[in-house]
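The block underneath contains the structure these notes are about, expressed in structure tokens.
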Amino acid sequence: MSFRSNPETSRLRSVDGMAVPPRAALDLGATVEWTDEALMAAIAEQDVRAFAIIYDRYVDLVFSTALRVLASREYAEDVVQEVFVRIWTRPEAYVPERGRFMSWLISVVRNRSVDELRAQGRRRRREVLTENSLDDNGHNDPLDDEEPSAAAQLTEERHCVRRALHDLPIEQRRALELAYFAGLTHQEIARTLHEPLGTIKTRIRRGMQKMRRALAEELA
Amino acid sequence: MEIAHINEETADEYAVGALDPALSRLVVLHGADCHPCRALIARSEETAAALALALCSESPSPRVRRRVQREIGIGRPGVIVRVARRVPAAAAVASVAVAIVALTGMVVMRDDLAAVQRSNAGLQVQVDEALNQQIEIATLQQRLSDEELRTFELATAARGDRELLSTLLSDNSQVATAFTPSLTNALGVLVWDPTKSTLYFVADGIYPRQDGRSYQIWVNEAGTFRSLGTFEPDDTGFVRYKTRLPEGIDGYQSAIVTLEREGGADTRTGPSVFVTDLSRLTDPE
């Protein structure tokens, strides 16, 4: 028994709550592109196949984020397990009205990873690891044969973000990285970079403003 | 401790995790009750989350999938078990059985570990709740402290008003109008009680100073100006300044209010704001 072969698709629901046809009448993977919100609604109904699709769609993103924060494949895999188990056991934690599923998921992974990082006190080690910093080249994007459209959309979004990040001054990118992936506060970043606190605040503010503007333009 | 509505800058700082933990919790608490601020936070979180999209994509090992499956109760038997079903040899079965025992032990240990992790997560939730309660208590204490300060200020003002009214009603007090050559809307009076050596200067319509200068009141005794101190009006332009008159002086010709350097000057040099003729009040003759 595996995720992909699990026949539990008859309870899969669309985002507006309507029941979908059973598997015999609907080839879920090939003909319908289920939104994240629809899949989460199905997961709330304990639909294993919906969970499998969500897992396949986002496991690499979740792992990459955790790995970037924790700098350890072992700990990152623990976070991946924890996050997906949480999605299965507490799907109601995601509220669609509060934003996109992907953003919520990344926030959950990031926060859990930073908590783990702080618990382990391995922040200093994190600081010296730069291999998996924000990537401009976009190598190694996954292509999921079962969800070509979703994978393509995710890949396109990644390209958009990389283009937006590419236009940021390196100082602003660095400040954002230290806050988001190393879990450092303003003051800690200022101490790390030997810069005034106001300078760090300005970099983060301007970096986020430029990101927001650039993403809006790119995704438009 | 209570924060007003969240602006975009604070939402951004919260979303990237740059705020101090205590301030982050205040943002969360506020966002829980304020729909517009929650929407602002969500937008910032979406922007911050995009940072993760720019990372080079990495894949976890396949065993993570199996671990997740097992954890949520939908996992299929492991490779060893499936192989065991297809191997007829008793020896192989026996060895597989040993392996299963070992695996079971590992699974039990992993289950124990998972139980500890869940327990830790539960404790973390309790810690978070306790911290939230501490924040709420601190907020209430701050409000109480603010209210006590406000009550004290109001009581002090009421006491000052009562003393001024008492002086005005006294048979010994005298009142003189203070004329202003520069502030056309300003009104001022001097209330003088020689038996108590007390002088009040009460005025309205005086602009609070923002140029580093202070209002200073002087009395003119035989051509010599003696300072009676400096004062600052409140935000509404009202002032009630009380001072004691120097002893051993029987009368003054006039009193003036001037603008001097911050904290007051030793000698009168600044422009006059109020002028009062006191000769009639202080000289019985």
Side-chain angles (χ1 to χ4, degrees), chain A residues 1-3 6 48 51 55 59-61 63-65 67-68 73 76-77 80-82 84-85 88-89 98-100 102-104 106-107 109-111 114 132 134-135 137 139-142 157-158 161-162 164-165 176-177 179-181 183-187 189 201 204-205 208-209 211-212 215, chain B residues 7-24 31-32 35 38-39 41-77 82 110 113-114 117-118 120-121 124 128:
Chain A
M1 193 167 74
S2 71
F3 285 159
N6 195 299
V48 175
F51 179 75
Y55 182 91
V59 65
D60 288 354
L61 179 60
F63 179 69
S64 303
T65 304
L67 181 62
R68 174 67 176 85
R73 297 186 71 87
E77 288 182 350
V80 170
Q81 176 181 345
E82 196 174 317
F84 279 104
V85 168
W88 176 256
T89 55
R98 294 187 182 176
R100 296 176 66 195
M102 184 169 65
S103 301
W104 173 82
I106 292 173
S107 294
V109 175
R110 181 265 174 193
N111 293 339
V114 168
N132 192 14
L134 299 177
D135 179 38
N137 302 319
H139 297 315
N140 200 23
D141 281 333
E157 282 202 48
R158 289 187 142 171
V161 171
R162 283 168 186 150
L165 274 172
L176 290 175
E177 277 189 275
Y180 199 70
F181 293 119
L184 300 185
T185 63
H186 282 135
Q187 290 85 351
I189 297 172
K201 286 188 171 185
I204 288 177
R205 184 176 71 247
M208 286 291 283
Q209 287 172 342
M211 277 275 291
R212 185 180 293 110
L215 287 174
Chain B
N7 57 26
E8 187 178 80
E9 181 180 350
T10 303
D12 283 347
E13 291 169 345
Y14 166 77
V16 296
L19 288 182
D20 288 330
L23 193 51
S24 285
H35 181 73
R38 193 165 63 232
I41 292 168
R43 281 198 297 275
S44 292
E45 285 182 327
E46 192 154 319
T47 304
L51 292 167
L53 284 175
L55 292 173
C56 184
S57 183
E58 299 268 356
S59 298
S61 67
R63 68 174 177 272
V64 176
R65 172 185 289 268
R66 292 194 294 274
R67 281 163 49 185
V68 171
Q69 286 176 314
R70 189 163 50 241
E71 190 72 21
I72 67 176
I74 62 170
R76 61 178 180 174
R82 281 181 279 132
R110 185 171 293 280
L113 183 61
Q117 286 174 335
R118 279 194 296 275
N120 282 344
Q124 184 62 46
D128 287 347

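Quick note on labels: first sequence line is chain A, next is B, and so on, each numbered from 1.
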What's the shortest heavy-atom distance between [X] and [Y], and which atoms?
X	Y	answer
Ile106(A)	Ala49(B)	CD1-O, 3.4 Å
Pro21(B)	Thr185(A)	CD-CG2, 4.5 Å
Ala18(B)	Ala179(A)	CB-CB, 4.1 Å
Asp60(A)	Ser57(B)	CB-OG, 3.7 Å

Per-residue tally against chain A (heavy atom, under 4.5 Å) across Ala42(B), Ala15(B), Ser24(B), Ala50(B) peaks at Ala50(B)
Would you compute the distance between atom [atom1] of [X] and atom [atom2] of [Y] and round it to the nearest 0.5 angstrom?
X	Y	atom1	atom2	answer
His186(A)	Glu13(B)	NE2	CD	3.5 Å
Arg205(A)	Thr10(B)	CZ	OG1	10.5 Å
Ser44(B)	Met211(A)	OG	CE	11.0 Å
Arg43(B)	Ser103(A)	CZ	OG	12.5 Å
Met208(A)	Glu8(B)	CE	CD	8.5 Å
Phe63(A)	Leu55(B)	CZ	CG	12.0 Å

Sorted by chain and residue number, the side chain to side chain donor-acceptor pair (under 3.5 Å) partners of Arg110(B) (sequence neighbours excluded) come out as none
By side chain to side chain donor-acceptor pair (under 3.5 Å), Arg38(B) pairs with (sequence neighbours left out) His35(B)
Quiz prompt | salt_bridge(Glu58(B), Arg73(A)) N-O dist < 4.0 Å | solution = yes
May I ask you to test the [X]-[Y] pair for a side-chain heavy-atom distance under 4.5 Å?
X	Y	answer
Glu9(B)	Ile204(A)	no
Glu77(A)	Pro60(B)	yes
Val16(B)	Phe181(A)	no

Cut-off 4.5 Å, heavy atoms of chain B, and the answer for Arg98(A) is both
Bottom line for Glu82(A): the part with an atom under 4.5 Å from chain B's heavy atoms is neither
Heavy-atom donor-acceptor pair, Tyr55(A) side chain to Arg65(B) backbone, under 3.5 Å: yes
Next item on the list: Determine, stepwise, if the pair Glu46(B) / Leu215(A) fulfils side-chain contact (heavy atoms from CB on, under 4.5 Å).
Entry: CA-CA 10 Å; Glu46(B) 192 154 319; Leu215(A) 287 174; over 6 Å; no
Between Gln81(A) and the options Arg66(B), Arg67(B), Arg63(B), Gln117(B), the side-chain hydrogen bond (donor to acceptor under 3.5 Å, both in side chains) test singles out Arg67(B)
Honestly, the part of Ser61(B) sitting under 4.5 Å from a heavy atom of chain A is both
Under 4.5 Å to a heavy atom of chain A? For Ala39(B) that would be neither
- Task: Carefully, step by step, assess Phe51(A) and Val68(B) under the rule side-chain contact (heavy atoms from CB on, under 4.5 Å).
- Result: CA-CA 11 Å; Phe51(A) 179 75; Val68(B) 171; 3.8 Å; yes
Query - Stepwise side-chain contact (heavy atoms from CB on, under 4.5 Å) check, Val161(A) with Leu51(B) - result: CA-CA 7 Å; Val161(A) 171; Leu51(B) 292 167; over 6 Å; no
Checked Asn111(A), Val80(A), Val85(A), Val59(A) vs chain B; the most non-hydrogen pairs under 4.5 Å come from Val85(A)
